[in-house]
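Structure first, then comments.
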Amino acid sequence: QKFKAGLEKTRNSFTSKVNDLVARYRKVDEDFFEELEELLLQADVGFETVMDLMDKLRYEVQRENIKDTNGIQSIISEKLVEIYESGEENLTDLNIQQDGDLTVILFVGVNGVGKTTTIGKLAHRLKSDGKSVMLAAGDTFRAGAIDQLQVWGERVGVEVIAQSEGSDPAAVMYDAIRAAKKRGVDILICDTAGRLQNKVNLMNELQKVHRVISREIPNAPHEVLLALDATTGQNALVQAQTFKEVTNVTGIVLTKLDGTAKGGIVLAIRNKLHIPVKFVGLGEKMDDLQPFDAERYVYGLFA
Ligand code: GDP
């Protein structure tokens, strides 16, 4: 239900346009394809994904000898899901350790994309699943970041390990891992600074944090989640590319999907970067974080 409501803007814009197109054309021809292509590009599905889809669609239309546009929506949905999933399984599962071993999740992303909020929401989600959670305030750079994480910690009811502003993020991680192990915590979620202005600094900082974490726990961090703001469209793709270059991103959380009519960006990210979207943010509240479900997403566009 939440998922559906969160997609309302994208759906309203996309569905009505596709339906309008279908009603206007009736016949599947080259003009129809071209307008459809344009429409998908407007929804930020991304050039390569759209081309891929159009190829698949043309092939299917020819193979099945489809003449009229009636019901073409379900074929579009089918092909979009096919493109998104492309043979991989368990795309949204987090790599959570078993047998009481500590799982470390590192969050990266540019300031303002909703990283802190997402950490709070994920902590709430994992706690609701019966896990014990701790947060590490690793963004020691941005004024207010530590306080903001602490507010979320209180709201959700999880402990936050923090030092003062300006301190070494790697030292915060070190403290946090020690504390998490001592308390027998299941999952430690670590915030990091989101400065993208200086790629070398960002890379150095993330690598140092990485090094400290994996020295304490050999195969950690178990997830590196990149928060991206869906409302920034193709800009989010550029950010993803940059973070992919500086760190081993294992999954994406696409925030503010409720605030955009260009939800097609999910498909573009998947197809272009081959990083799964694990969660989507659908609002500002604690339970507005949902696992991403490609099938429900794509079919939701036409619902
Ligand atoms: P950070 O700088 O990346 O840590 O960003 P914040 O967590 O402070 O979020 C920035 C703003 O985006 C805040 O006003 C959040 O309430 C808002 N926000 C975060 N996630 C979502 C979302 O999924 N939907 C909506 N509508 N707003 C969000």
Side-chain angles (χ1 to χ4, degrees), residues 1-13 44 92 105-126 133 135-156 158 160-162 165 169 172 189-198 202 205-206 209 223-233 235-240 242-243 246-247 249 251-266 269 277-293 296-297 300:
Q1 220 50 34
K2 268 247 156 63
F3 201 79
K4 223 176 146 181
L7 281 172
E8 210 173 313
K9 283 191 185 159
T10 300
R11 188 172 58 244
N12 286 347
S13 140
D44 259 349
T92 63
I105 300 174
L106 196 64
F107 257 90
V108 298
V110 174
N111 290 337
V113 296
K115 185 155 45 90
T116 315
T117 308
T118 303
I119 291 173
K121 289 177 190 170
L122 184 62
H124 171 67
R125 206 183 160 85
L126 292 168
V133 181
L135 306 182
D139 184 355
T140 59
F141 187 76
R142 179 170 68 93
I146 299 171
D147 287 348
Q148 206 191 336
L149 197 70
Q150 265 157 345
V151 168
W152 269 106
E154 260 169 54
R155 200 175 288 163
V156 177
V158 300
V160 180
I161 302 298
E165 204 180 301
V172 178
I189 309 178
C190 309
D191 194 8
T192 62
R195 289 169 287 165
L196 205 55
Q197 296 82 349
N198 188 330
L202 179 76
E205 181 162 322
L206 288 178
V209 161
E223 293 279 355
V224 179
L225 299 182
L226 170 64
L228 293 176
D229 181 341
T231 64
T232 61
N235 226 342
L237 262 180
V238 177
Q239 284 173 22
T242 306
F243 275 95
V246 301
T247 186
V249 179
I252 284 166
V253 180
L254 197 62
T255 65
K256 311 185 199 178
L257 200 55
D258 55 305
T260 179
K262 298 187 159 202
I265 190 72
V266 182
I269 286 170
V277 174
K278 299 223 172 189
F279 293 95
V280 290
L282 300 166
E284 299 188 86
K285 290 197 289 298
M286 199 150 39
D287 50 10
D288 289 335
L289 184 76
Q290 297 283 319
F292 179 67
D293 180 329
R296 272 170 67 201
Y297 170 79

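Indexing begins at 1, ligand by ligand and atom by atom, following the structure's order. Since we're looking at a predicted model, the values are computed, not measured.
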Non-hydrogen atom of [X] closer than 4.0 Å to ligand 1:
X    : answer
I119 : no
D288 : no
G283 : yes
G112 : yes

Nitrogen or oxygen of Q148 less than 3.5 angstrom from that of ligand 1: yes
From [X] atom [atom1] to [Y] atom [atom2], the distance as rounded to the nearest 0.5 Å:
X    : Y    : atom1 : atom2 : result
T192 : D139 : OG1   : CG    : 7.0 Å
L149 : K115 : CG    : NZ    : 9.5 Å
T118 : D229 : OG1   : CG    : 9.5 Å
I119 : L135 : CD1   : CG    : 7.0 Å
F243 : L225 : CZ    : CG    : 12.5 Å
I105 : D191 : CD1   : CG    : 13.0 Å

Ignoring hydrogens, just give me the one of L289, L254, D258 whose non-hydrogen atom is nearest atom 26 (N) of ligand 1. D258
For atom 17 (C) of ligand 1, which of E284, R142, K285, Q290 has the closest heavy atom? E284
Between T231 and G259, is there a donor-acceptor pair closer than 3.5 Å when you use the side chain of the first and the backbone of the second? no
Mark yes or no for whether T242, through its side chain, and V238, through its backbone, hold a donor-acceptor pair below 3.5 Å. yes
Nearest protein heavy atom with distance in Å, relative to [atom]:
atom                    : answer
atom 4 (O) of ligand 1  : T116 OG1, 2.4 Å
atom 12 (O) of ligand 1 : K256 CE, 3.3 Å
atom 20 (N) of ligand 1 : K121 NZ, 3.7 Å
atom 3 (O) of ligand 1  : K115 N, 2.7 Å
atom 7 (O) of ligand 1  : T117 OG1, 2.5 Å
atom 5 (O) of ligand 1  : G114 N, 3.0 Å

Under 4.0 Å to a heavy atom of [X] - the qualifying atoms of ligand 1, by number:
X    : value
L282 : 23 (O)
V110 : 3 (O)
N111 : 2 (O)
G281 : 23 (O)

Charged N to carboxylate O under 4.0 angstrom, E165 versus R142? no
What I want to find out is whether K121 reaches D288 closely enough, with some N-O distance under 4.0 Å, to be called a salt bridge. no
On a heavy-atom basis, which atom in A193 and which in L202 lie closest, and how many Å separate them? O-CD1, 3.9 Å
